[in-house]
2 protein chains.
Amino acid sequence: MPTEPVAGLQLSPRARQIVGAARELLEKEGEDALTMRRIADRIGVKAPSLYKHFPDKTAVEVELMAILLEEMAAALEAAEAAAPGSLEALFEAYRGYAVAHPGLYRLGTQKPLPRESLPAGLEERAAAPLFRELGLDEHTGRAAWAFAHGMVVLELAGRFPDGADLDEAWRVGAAAFTR
Amino acid sequence: MPTEPVAGLQLSPRARQIVGAARELLEKEGEDALTMRRIADRIGVKAPSLYKHFPDKTAVEVELMAILLEEMAAALEAAEAAAPGSLEALFEAYRGYAVAHPGLYRLGTQKPLPRESLPAGLEERAAAPLFRELGLDEHTGRAAWAFAHGMVVLELAGRFPDGADLDEAWRVGAAAFTR
DNA sequence: GGTTCTGGTTAACGGTGTTAGCCAGGAACT
DNA sequence: AGTTCCTGGCTAACACCGTTAACCAGAACC
């Protein structure tokens, strides 16, 4: 694996520590726990000190979004390597990662992407498997992505009936967009 | 002690006024403007007085969710009546309503539905056109719903590239789930 | 040795949802 | 009529939020 610009690599150690604390808080205690004071507590510092490392809370969240995109891209690339050309496998990886990291997924997904603050090409890399490897045209790719995102977000929000067979819905979706 | 609120029908006039103010705030100024103090201001009252009519902010939001479900159901039913059997027409109505009421749509969509506080059958009514009229099986119905929701939510979050041909993506989706 | 930069601190501001406690007015019962 | 009780306002306050201002200890640099 060549040297990729890993998210947060150019951050100072302290800044990385802040992002790490933010991620732990988000993943272990949920979105409401992601506050500047809680982050500061976790690294043994007072909240205003965080502003010596990030201009505002949004900047911390942007780092979390970058982590999400990067890890999602890695998960999709792995799935593709394991089962080339299978939309179903790609969907499974997508769902698997999102459900394993619900806080991160929702944080990185529900507001506009600050594209300029993100490592160049990261967004494309996350989306690439759908297009490059599967050969979906641009509209089908978008539709398939919307389907996957919709499935995940409805599942995370608890909107499907209890006991609904989501595996089957995913399979139907994969079939619908294949060929 | 009345049973459960039926989309505001059994709310007191004051409570309906509160919900109305909440809706206006949400739709005209966005989700950040939906605060108890702003609602109270709008009807010429102080914030704590709202708690004489609703137990908490969530209860007000639940009424807004009920409104969303009801109006969405009406929009879908109208589309179904105008173009029976057309998934594309249904999708168009779905997208049209959501994009016309983005604040309401997101509010009613991104957290778990408090099903017990909602009028009985409302959720089913909103989902019915997909199943009853189109004859989609349960899994295909769910997949189509996820697609529509994903398309809307990504559009509202500004996640599609500028100038992307979303009409075409919707068309592809409609075709994919039709038979 | 003096200066400057770095990264901490405390105090505070205006905002949030929410609770406690008080009180005026009307309804209802005796 | 007198008393009580309920309704729906009010002010004050609490704990929390993101954020800013002002200050200061220590290390680094000339």
Side-chain angles (χ1 to χ4, degrees), chain A residues 8-65 103-104 106-108 110-112 114 117, chain B residues 1-3 5 8-65 103-104 106-108 110-112 114 117:
Chain A
L9 196 66
Q10 75 287 15
L11 295 176
S12 73
R14 196 49 144 176
R16 274 202 298 279
Q17 194 185 7
I18 291 171
V19 173
R23 179 182 188 163
E24 279 191 30
L25 236 20
L26 177 61
E27 301 212 304
K28 292 185 183 159
E29 305 193 38
E31 19 225 57
D32 290 350
L34 190 64
T35 77
M36 296 303 263
R37 282 171 175 88
R38 295 290 312 275
I39 295 172
D41 275 1
R42 211 161 222 283
I43 64 175
V45 123
K46 307 297 180 183
S49 301
L50 301 181
Y51 292 83
K52 297 295 163 101
H53 304 277
F54 291 95
D56 51 31
K57 189 186 179 184
T58 301
V60 179
E61 293 175 338
V62 166
E63 291 302 319
L64 294 177
M65 293 189 206
L104 210 48
R106 296 178 54 160
L107 175 77
Q110 293 184 348
K111 53 188 78 177
S117 313
Chain B
M1 194 72 60
T3 51
L9 264 185
Q10 12 199 305
L11 295 178
S12 73
R14 195 50 145 175
R16 274 201 298 277
Q17 194 186 8
I18 291 171
V19 174
R23 178 179 190 165
E24 279 191 29
L25 236 19
L26 177 61
E27 301 212 302
K28 291 186 183 159
E29 304 193 38
E31 19 225 60
D32 290 351
L34 191 64
T35 77
M36 295 303 264
R37 283 171 176 86
R38 295 291 311 276
I39 295 173
D41 275 1
R42 209 160 223 283
I43 64 176
V45 121
K46 304 298 178 182
S49 300
L50 301 181
Y51 291 83
K52 296 294 163 96
H53 304 277
F54 290 96
D56 50 32
K57 189 185 178 184
T58 300
V60 178
E61 293 175 338
V62 166
E63 292 302 320
L64 294 177
M65 292 189 207
L104 209 48
R106 297 179 54 160
L107 175 77
Q110 294 185 349
K111 51 189 77 176
S117 312

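Below, each value reflects all heavy atoms present in this structure, side chains not excepted, and no hydrogens, waters or symmetry copies. Proteins come first, then strands; the chains are lettered A, B, ... in the order of their sequence lines, and each starts at number 1.
- Among the nucleotides D/dT11, C/dT9, C/dC22, the one closest to any side-chain atom of A/Pro48 is C/dT9.
- Checked against C/dT16, D/dG18, D/dG9, the side chain of A/Met36 finds its nearest nucleotide in D/dG18.
- For the salt bridge (charged side-chain N to carboxylate O under 4.0 Å, His left out) with A/Arg106, the lone residue among A/Glu27, A/Glu31, A/Glu61 that qualifies is A/Glu31.
- For B/His53 and D/dG9, the shortest distance from a side-chain N or O to OP1 or OP2 is below 4.0 Å.
- The side chain of A/Ser49 places no N or O atom within less than 4.0 Å of a non-bridging phosphate oxygen (OP1 or OP2) of C/dG7.
- At a threshold of 4.0 angstrom between heavy atoms, the contacts of A/Leu34 are confined to the sugar-phosphate backbone, with no base atom among them.
- Both A/Ala33 and A/Lys52 sit near DNA chain D, but only A/Ala33 has its closest nucleotide nearer the 5' end.
- Both B/Tyr51 and A/Lys46 lie near DNA chain C, and the one whose nearest nucleotide falls closer to the 5' end is A/Lys46.
- Across all strands shown, B/Thr35 has heavy atoms under 4.0 Å from sugar-phosphate atoms exclusively, and none from any base.
- Checked by distance alone, B/Lys57 brings no side-chain donor or acceptor within 3.5 Å of a matching partner on the base of C/dG17.
- Taking 4.0 angstrom as the limit, A/Arg14 places a side-chain polar atom (N or O) nearer than this to OP1 or OP2 of C/dG8.
- For A/Arg37 against D/dG18, a side-chain N or O and a base N or O form a donor-acceptor pair under 3.5 Å.
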